[in-house]
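Here the structure is a predicted model, which means the values were calculated and not measured.
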Amino acid sequence: MKNLFAHRLLKIMFLVVTSMLLVNVVKAQQTCNAFVGNVCTEINAMYVKLDSTTRIAGVLGDTAAENTLLKFARDNGINYLIMYDLQGLVANSTRAAQLASLISRAKTQYGVQQVGAALAESQFADNIVAYNNSHAANERIDVLNVEREFWRSTTNRAAEFDATINVLNYFKNVGTANNLITEIYIGWITATEGARLGDAVDRVLVHYYRQNDTDIVNYGVERLQYLAGASRKVKVIPIFSNEGPETTDDAETYFMGNWLATNPNDKAFKSWLSGYNQLSGSWKNNIEVIGSNWFLYNHFPAIYAAKPNHITTNPASQTACAGQSRTFTVASSATTKTFCWLKNGKCLVDGGNISGARTAALTIANISTSDFANYAARVISYDTTNPTSFTSTAASLTATASCGTSGTNRALNKTVTASSFIAAGYEPAKVVDGNTTSTRWASAYSGSQWIQVDLGATTNVTRVKLTWDPAYAIDYQILISANGTNWTTLRSVTGNTSLVNDNTGLSGAGRYLRINGTTKALPAWGFSLYELEVY
């Protein structure tokens, strides 16, 4: 009796471990918001000047200038634009319409995920809220950025700092009420100021305006230590500057325009982060580095304007059936380079059914409906003669018109019923919502259980694909019926050990299709299915 119990326990443990391992095979694709310095980050940002001055050409309302800026952002993986000249914005003005058009294109066509407004006074936050309330989601401002250089005060620095904190507090209240992020840009601060700033905003932008990237993190490293004195972990984004000798009084000392002529802008953050990772001290436990930023004032693209696009072959669009694999390729003439494959504008990470995300060839295995999307490659050249980043044209992966007798999932969004479901959030309809990774049906724990879909009309069925949770069926039957009462077995499956079952070569016709689970992989639980696809 004791040996029998031990045998059963070992079997259960084996099934649990096997299920956990299988989860890694079919887990959701992983993406990162931005890819800069050869790492995944939350933010890769740059400042934008909307209005022209005698020294700086603005972009707002100038279609050609806007397109140049947006293309540069896409080529360089910029996902956050911080915009100047939005103080006093009038919600329904011509200027607001121009801004809405620019933001919409940035977010829907060029991979931008956040847009910030650089502001100095409390009342300007109210203007942003009014603008947002009168515009669609993809036209809105996402971040309230405070720009008040209190450390430059020559009269009463303490009073100027207190005024800055008051603005931050107001922005924070507005942000909390209107789902807006708050941040501040800083130069030189004291320990007391750093702790208060860290507590006052969602994130802090710290300037590193240097001539090159040598030992760049140690340029005022104590500022990070001061911010770490806050009562919570502080999100930090270093700012680098590209301005050249023609645009500042002291460019040779502080700004990196000349350095960028032979170095990709990605390298600044790569060098900074490498130096930061070598720093020690418990203070780092209270700092979270979330990305990179460039202060450009629209001069940034001009540095690379004459540089040739080193991408020589763009990926080609392809079609596929569910369960198949496809590979996209890109070629670049650069000698030293880094790759980042993008899916619908976000950088992919190897894992699940994705491999080659950092190489010239991206492979998507075991294709499912969620993989049908647009794919492009960002290629970053480290060649001193052409230190640039370019993004290829996008290639589409679409469903083949005919996979077997039909490439259409006949079960998608159809009516589903089941013998049971365990709780709200695990209803039967989850198995036909097209989501194979995060929504699922889960049955009651006891006995055999079934789930069925009404295909809406008599359908010739040749293939049934099941994507299981670890609580999968070892033994089950695929049944079909014309009336939902009398059933015919299309296939009996025994000894299943996979979380994805692609049952091809079926032959039957009916309106109703049922999966009848009889043996559970996890005896203490029920049956759980992410997706039921019928072809």
Side-chain angles (χ1 to χ4, degrees), residues 11-30 321-325 351-354 364-371 409-414 416-423 425-453 461 463-480 489-506 513-535:
K11 183 177 180 180
I12 291 170
M13 291 176 65
F14 172 78
L15 288 170
V16 171
V17 172
T18 301
S19 297
M20 291 174 66
L21 292 173
L22 286 169
V23 170
N24 290 327
V25 176
V26 296
K27 68 181 181 180
Q29 290 176 359
Q30 299 297 304
C321 295
Q324 294 180 335
S325 296
N353 67 336
I354 292 294
I364 308 167
N366 194 23
I367 290 168
S368 67
T369 53
S370 63
D371 296 315
N409 176 10
R410 302 306 180 109
L412 187 65
N413 297 320
K414 294 297 197 304
V416 183
T417 54
S419 54
S420 66
F421 65 95
I422 193 62
Y426 300 95
E427 296 87 354
K430 303 294 186 183
V431 302
V432 294
D433 62 3
N435 188 329
T436 61
T437 59
S438 58
T439 58
R440 59 189 173 93
W441 162 70
S443 76
Y445 296 161
S446 61
S448 299
Q449 300 286 338
W450 56 264
I451 187 166
Q452 71 182 46
V453 57
V461 175
R463 176 179 170 224
V464 173
K465 183 178 179 181
L466 305 174
T467 304
W468 296 96
D469 174 75
Y472 63 93
I474 296 174
D475 302 329
Y476 64 91
Q477 297 84 44
I478 303 173
L479 309 173
I480 197 165
T489 301
L490 286 178
R491 179 167 294 170
S492 290
V493 176
T494 59
N496 173 44
T497 59
S498 175
L499 294 186
V500 179
N501 304 159
D502 201 352
N503 294 279
T504 58
L506 304 177
L513 187 130
R514 175 181 288 191
I515 306 299
N516 185 44
T518 54
T519 305
K520 297 179 287 186
L522 302 179
W525 304 93
F527 296 93
S528 186
L529 193 62
Y530 278 108
E531 197 73 10
L532 164 59
E533 301 171 55
V534 179
Y535 300 91

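A distance-only check finds a donor-acceptor pair linking the side chain of Asp475 to the backbone of Gly495 [under 3.5 Å]. Ser528 contributes no side-chain N or O that, together with a main-chain N or O of Ala471, makes up a donor-acceptor pair within less than 3.5 Å.
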Full working for side-chain contact (heavy atoms from CB on, under 4.5 Å) between Ile451 and Thr417:
CA-CA 6 Å; Ile451 187 166; Thr417 54; over 6 Å; no
Assess the residue pair Glu533 and Thr369 against the criterion (side-chain contact (heavy atoms from CB on, under 4.5 Å)); give the C-alpha distance rounded to whole Å, side-chain angles, the decisive distance to 0.1 Å, and a yes or no.
CA-CA 10 Å; Glu533 301 171 55; Thr369 53; 4.2 Å; yes
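Lys465 NZ to Asn503 CG: the interatomic distance, rounded to the nearest 0.5 Å, is 11.0 Å. For the atom pair CD1 of Ile474 and CG of Asn496, the computed distance is 8.0 Å after rounding to the nearest 0.5 Å. Rounding to the nearest 0.5 angstrom, the gap separating the NZ atom in Lys520 from the OG atom in Ser446 is 6.5 Å. Distance check, rounded to the nearest 0.5 Å: CD1 of Ile364 to OG of Ser325 gives 9.0 Å. From Arg491, atom CZ reaches atom CD1 of Ile480 across 12.5 Å, with rounding to the nearest 0.5 Å.
Residue pairs meeting the salt bridge (Lys or Arg N to Asp or Glu O under 4.0 Å) criterion with at least one member in residues 439-448, sequence neighbours excluded: Arg440-Asp469.
Of all the heavy atoms in Glu531 and Val431, the pair that sits closest is CD-O, 3.1 Å. The minimum heavy-atom distance linking Tyr472 with Leu499 is given by the pair CD2-CD2, 3.5 Å. The two residues Ala418 and Pro428 have their closest heavy-atom pair at CB-CG, 3.7 Å. Closest approach of Thr436 to Ser370, counting heavy atoms only: OG1-OG, 4.2 Å. Smallest separation of non-hydrogen atoms from Trp468 and Ile515: CH2-CG2, 4.3 Å. Across Leu506 and Leu490, no two heavy atoms sit closer than the pair CD2-O, 4.1 Å.
Separation of the Tyr426 and Trp441 ring centroids does not fall under the 6.0 Å cut-off.
Looking at Leu513 and Leu532, their side chains come closer than 4.5 Å, going by heavy atoms from C-beta outward. Using a 4.5 Å heavy-atom threshold, the side chains of Val461 and Ile478 count as separate. The side-chain heavy atoms of Val432 and Leu412, taken from C-beta on, include no pair separated by under 4.5 Å.
Taking the six-membered ring for Trp and thresholds of 30 and 60 degrees, Tyr445 and Trp525 have ring planes more than 60 degrees apart, a perpendicular arrangement.
Considering Thr494, Asn501, Asn516 as possible partners of Tyr476, the one that fulfils the side-chain contact (heavy atoms from CB on, under 4.5 Å) test is Asn501.
In this structure, Asp433 has no salt bridge (Lys or Arg N to Asp or Glu O under 4.0 Å) partners at least two apart in sequence or on a different chain. A search for side-chain hydrogen bond (donor to acceptor under 3.5 Å, both in side chains) contacts involving Tyr530 returns nothing, not counting sequence neighbours.
Looking only at atom types and distance, the side chain of Thr437 has a donor-acceptor partner in the side chain of Asn435 under 3.5 Å away.
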